[in-house]
Amino acid sequence: ALPRSRTSQFHELITSKTPRLKQLLRSLYASRGFLRARIGDPVSHFDGEGGALVVTIDVREGDRSFVGSVQLTGVETFSESVLIEQLSLQRGAPLVPSQLVEDRSAIAAFYRRAGFSVVEVDASLVAGDTPATFDAKFVVDEGPKAVIGEIRVTGNVGTRESVIRRELTLTSGAPLTRAEIGRTQKRLYDLGIFRDTDIIAEPPAPETADRNIIVDVTESPSVVVDYGLRYTTDRSFQVVADVVAPNLFGRAQRAGVRTLLGRDERIFRFTYRTPYFMRFDLDTDFFLERAVEEKNPSDDEDFRPFIDRSWTFTAQQARPLAQSLSIQW
C-alpha cells in the first residue's frame, strides 16, 4: 500500500504527509475487515552501523469485523432471498466497507432492469450483537414500475416504418429500462440513415402505470453528392465524382456510384449495401468496378502501348456475434 522505501514519495509520507500515510494503511486494513485498526505516527532513527534510516510504524490491528446480518426493508415486488443473491456482503463473511456501496448499486441496477427506473436505495452499517460484527442495512424505495405501452414512430418521411420497428428492442408490455432505450438508439444509428434519434417516454396515465413510447427520428439527406478535381505528377488532372443514396426505397439500403476520369485512367465503381440479407441479420455489401487504364510510358521507346480493361466484383457479409465481436466472410 505504500511507495518503495527509497523513493521521495515515501520520504514525504513519513515527514510532511503522515496523515496520508495513516489513511493509506487504514484503508488497507479496512479492505481486509479490520475496521478498528489504529496507525501510529512513524518514528525514524538513523542506524549508524548499517548506515540506514530505520522507520517504525506502530500498528494495532484490533479485532477483525464480520458481517452479522444483511437486512432489507421496503422490498415488496421481489423476495429478499432473490436480492441477497445479488450481494457481495454475506452473513459471517469478513466485512469490507467498499462492498456496501457496490451492493447498493447492485440492488438499484436489479430494480432498473425490471422497470423500476426511479428506485432509490440507502445503505448503512450498524453495530451488531457482538463487538466484532456489523449489520448491513438496505432501505429500498421501489417507486412505480414502468411498463411499455403503445409505441409510436414519428419523423420518418422517406423511411418505411417497418424498417424502424425492425430495429426496436422495446416491446409493449415489457419493463421500460434505460438499457433497452440505449440499445434501440444504437441499432437505429447503426443503420446510417438518421442524423438524430430520440426515444421519449411519456408520463404514465393516471389510471395505469403504462408509459407510451415515441420514437422520433431525423433523416439524413436522401442523396449525397461529392465531387472534386485533383492533380497527380504522373497522370495529370483527374475528375472524381461520388453519388450516394443512403436510404434507397426507404429500406435503409445504401447504393452509390463513384467515377474517376483522367487522361490515362477511367474507373467506374458501383456499391450496394443492405443491413439484412433476406430475413437474416447480415450486413451485406456488393462492389462492382470497371477500370480502363492506358499503358503508354513516354520515357520507354521500346514499350508497346496497350489498354488494360478489367472488371472486379466483390461480395461481403458480416454478422455480429457479440457487442465487440463479429464474423465476416
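The shown structure was predicted, so the numbers you read here are calculated from the model rather than taken from an experiment.
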Contacts of F194 that satisfy ring-ring contact (aromatic ring centres under 6.0 Å, His included) - sequence neighbours left out: none

Heavy-atom side-chain proximity of E219 to I193 below 4.5 angstrom: no

Exceeds 12 heavy-atom contacts within 6.0 angstrom, atom CZ of F249: no

Shared hydrophobic cluster for L168 and L176 (ILVMFWY, side-chain gaps under 4.5 Å): yes

Shortest non-hydrogen contact from P275 toward A252: CD-O, 3.3 Å

Atom pair CD1/CG of I57 and L2 - distance to nearest 0.5 Å: 6.0 Å

CA sep, side-chain torsions, deciding dist, call: L95, L125, side-chain contact (heavy atoms from CB on, under 4.5 Å): CA-CA 10 Å; L95 177 60; L125 289 174; 4.0 Å; yes

pair Y272-T284: side-chain heavy atoms closer than 4.5 Å: no

Partners passing salt bridge (charged side-chain N to carboxylate O under 4.0 Å, His left out) against K186 (at least two apart in sequence or in another chain): D190

Flag if over 12 foreign heavy atoms under 6.0 Å of CZ, F46: yes

Electrostatic pair K22:D41 at N-O distance under 4.0 angstrom: yes

Which atom of F66 lies closest to which atom of G92, heavy atoms considered: CD2-O, 3.5 Å

side-chain contact (heavy atoms from CB on, under 4.5 Å) between K295 and R304, intermediate numbers included: CA-CA 8 Å; K295 305 288 187 177; R304 297 188 61 183; over 6 Å; no

Between Y276 and D283, a side-chain donor and acceptor under 3.5 Å: no

Pair listing, side-chain hydrogen bond (donor to acceptor under 3.5 Å, both in side chains) test, anchored in residues 112-131, at least two apart: T130-T133

Residue R178 excluded, over 12 heavy atoms near CZ under 6.0 Å: no

Partner set under salt bridge (charged side-chain N to carboxylate O under 4.0 Å, His left out) for E142, not counting sequence neighbours: none

Taking every non-hydrogen atom, the tightest pair across V118 and P144: CG2-CD, 3.8 Å

From CZ (R152) to CG (D216), nearest 0.5 Å: 10.5 Å

Approximate separation, where rounding is to 0.5 Å, of F313 CZ and F287 CZ: 10.0 Å

Nearest non-hydrogen partners of E202 and I214, listed with the distance: OE2-CD1, 3.2 Å

Atom pair CG (L83) and OG1 (T77), whose distance is rounded to the nearest 0.5 Å: 9.5 Å

Where at least one partner belongs to residues 134-164, residue pairs that pass ring pair (Phe, Tyr, Trp, His ring centres under 6.0 Å), sequence neighbours excluded: none

Salt bridge (charged side-chain N to carboxylate O under 4.0 Å, His left out) partners for R187, two or more places apart: E167

Pairs where residues 57-79 contributes a residue and the test salt bridge (charged side-chain N to carboxylate O under 4.0 Å, His left out) is met, not counting sequence neighbours: D58-R60

D135 (side chain) donor-acceptor with S69 (main chain) under 3.5 angstrom: yes

Derivation of the side-chain contact (heavy atoms from CB on, under 4.5 Å) call for Y189 and D196: CA-CA 8 Å; Y189 274 119; D196 190 22; 3.0 Å; yes

CD1 on I164 to CG on N156, rounded to 0.5 Å: 4.0 Å

Contact check, side chains of P42 and L21, non-hydrogen atoms, under 4.5 Å: yes

No-hydrogen, no-angle side-chain donor-acceptor test under 3.5 Å, T159 and N247: yes

Steps toward side-chain contact (heavy atoms from CB on, under 4.5 Å) verdict (R165, V215): CA-CA 9 Å; R165 290 191 176 274; V215 180; over 6 Å; no

Between CZ on residue R26 and CG on residue L35, distance to nearest 0.5 Å: 12.5 Å

Listed once per pair and sorted, the side-chain hydrogen bond (donor to acceptor under 3.5 Å, both in side chains) pairs that draw on residues 89-102, sequence neighbours left out: none

Exercise: identify the closest heavy-atom pair between L89 and V96: CD2-O, 4.0 Å

Side-chain heavy atoms of T314 within contact of D285, under 4.5 Å: no

Y227 OH: over 12 foreign heavy atoms closer than 6.0 Å: no

Selection residues 242-255 - residue pairs positive for salt bridge (charged side-chain N to carboxylate O under 4.0 Å, His left out), sequence neighbours left out: D242-R258

Side chains of T232 and F237 in contact at under 4.5 Å (non-hydrogen atoms): no

Other residues, nucleotides, ligands: >12 heavy atoms within 6.0 Å of R38 CZ: no

T197 (side chain) donor-acceptor with V217 (main chain) under 3.5 angstrom: no

F268: hydrophobic cluster co-members (side-chain, 4.5 Å): L261

Taking every non-hydrogen atom, the tightest pair across P246 and S222: CD-O, 3.2 Å

Salt bridge (charged side-chain N to carboxylate O under 4.0 Å, His left out) involving R269 - partner list, sequence neighbours excluded: E289

Qualifying residues under ring-ring contact (aromatic ring centres under 6.0 Å, His included), relative to F110, sequence neighbours excluded: F78

Heavy-atom side-chain contact between T171 and I148 under 4.5 Å: no

Within-4.5 Å side-chain heavy-atom neighbours: V70 and D103: no

Side-chain heavy-atom pair Y111, V75 within 4.5 angstrom cut-off: yes

